[in-house]
Amino acid sequence: MQEISIPIIAIDGTSSSGKGTIAYRLAQHFGFNYLNSGALYRLIAYTIVQKGHDLHDVEKAIEIAKTISPVFEGKKVIVEGQDIWPIISSQEWGQGASIISPIPELREAVHLLQRRMIQHPGLVAEGRDMATHVFTDAHAKLYLDAHIEERARRRHKDELEKQSGKSFEEIVEELRIRDERDKHPSRGNAQLRPAPDGYELDTSDLDIDGVLEKCILWCKEKGVEK
Ligand code: DC
């Protein structure tokens, strides 16, 4: 397979573990393309509802997954010329994504979209099953996590800026539900878990630069170069 020679960094982790920021910073550091796989599930959930269908309409979800072709430009998710990341990045579409994402046929369609992102000069892909399922051929595999209170504190800071009025306790509960769903064994291949040949990092007591430094080191050890 020709694509094997293109370097891939696969990052999985819990919600608000910092994996999104780290994945993006790693992509900048190595000059690679960046795939936010959660954005694909968010986009599908958003599109289903926007088209007037029920979020639980499995047929529609699969149909939409087979027809979307968003373009990732840095953190932007461009659909029909418009960056829809500011819309789909909300907690609402995160929950929506979490609800539809266990559907196996949907994941198959998304799998194809994700593999298409393997392009020169390299790829940093972040999500829940990047290292364990979609990119098992990744050169470097990372798993980020942090204590739930610390993740809630980070999310709460964002919510305060957005003036959403959400309490710390509400955020802890949302994260608890999301963790439970993402890690549930019924998700099969899509179950969030560390890859046995990857690097596991607890980011609770580290700042972004501290996490980034450790991740870059691991990638370099695995032969990933700029
Ligand atoms: O990373 P995120 O918060 O944007 O992800 C939103 C939801 O999408 C998450 O709860 C589970 C799902 N997801 C998934 O099932 N597989 C992925 N590779 C990425 C996200």
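Order of listing sets the numbers, starting from 1, for every ligand and every atom in it.
Looking at D182 against ligand 1, only its side chain comes within 4.0 Å, counting heavy atoms. Within the 4.0 Å heavy-atom criterion, neither part of E126 lies near ligand 1.
In summary, of the residues considered (I11, L35, D12, I9), a side-chain contact (heavy atoms from CB on, under 4.5 Å) with F135 occurs for L35 alone. No option in E170, K162, E174, E159 other than E174 meets the side-chain hydrogen bond (donor to acceptor under 3.5 Å, both in side chains) test with Q91.
For atom 8 (O) of ligand 1, the closest non-hydrogen atom on the protein side is A97 CB, 3.5 Å. Protein heavy atom in closest approach to atom 20 (C) of ligand 1: G38 CA, 3.5 Å. Here the heavy atom of the protein found nearest to atom 12 (C) of ligand 1 is S101 OG, 3.6 Å. Of all protein heavy atoms, the one lying nearest to atom 4 (O) of ligand 1 is R42 NE, 2.7 Å. Nearest to atom 16 (N) of ligand 1 among the protein's heavy atoms is R107 NH2, 3.0 Å. For atom 6 (C) of ligand 1, the closest non-hydrogen atom on the protein side is R178 NH1, 3.6 Å. The single protein non-hydrogen atom nearest to atom 1 (O) of ligand 1 is R128 NH1, 2.7 Å, given as residue, atom name and distance. Protein heavy atom closest to atom 19 (C) of ligand 1, with residue, atom name and distance, is S37 OG, 3.4 Å.
In the vicinity of M130, heavy-atom distances shorter than 4.0 Å reach the ligand 1 atoms 18 (N). If you number the atoms of ligand 1 from 1 as listed, the ones under 4.0 Å from a heavy atom of R187 come out as 14 (C), 15 (O). Within the listing of ligand 1, atoms 7 (C), 10 (O) sit less than 4.0 angstrom from a heavy atom of S98.
Residue-to-ligand polar distances keep N36 apart from ligand 1: every N/O pair is separated by 3.5 Å or more. On a distance-only criterion, Q114 and ligand 1 share no N/O pair closer than 3.5 Å.
Within 6.0 Å of NZ on K76 lie no more than 12 heavy atoms contributed by other residues, nucleotides or ligands. In D205, the CG atom is not crowded: 12 or fewer heavy atoms of neighbouring residues, nucleotides or ligands sit closer than 6.0 Å. Counting heavy atoms of neighbouring residues, nucleotides and ligands inside a 6.0 Å radius, atom NZ of K214 does not exceed 12 of them. Crowding of K220 atom NZ: a count of heavy atoms from other residues, nucleotides or ligands under 6.0 Å not exceeding 12.
Side-chain N/O atoms of R154 and T21 include no donor and acceptor closer than 3.5 Å. Residues E126 and Y24 bring no donor and acceptor atom of their side chains to less than 3.5 Å of each other.
Contact annotation: R181 has no heavy atom less than 4.0 Å from any atom of ligand 1.
Taking the side chain as every heavy atom from C-beta outward, P121 and N33 approach each other to under 4.5 Å. Using a 4.5 Å heavy-atom threshold, the side chains of R151 and D145 count as touching.
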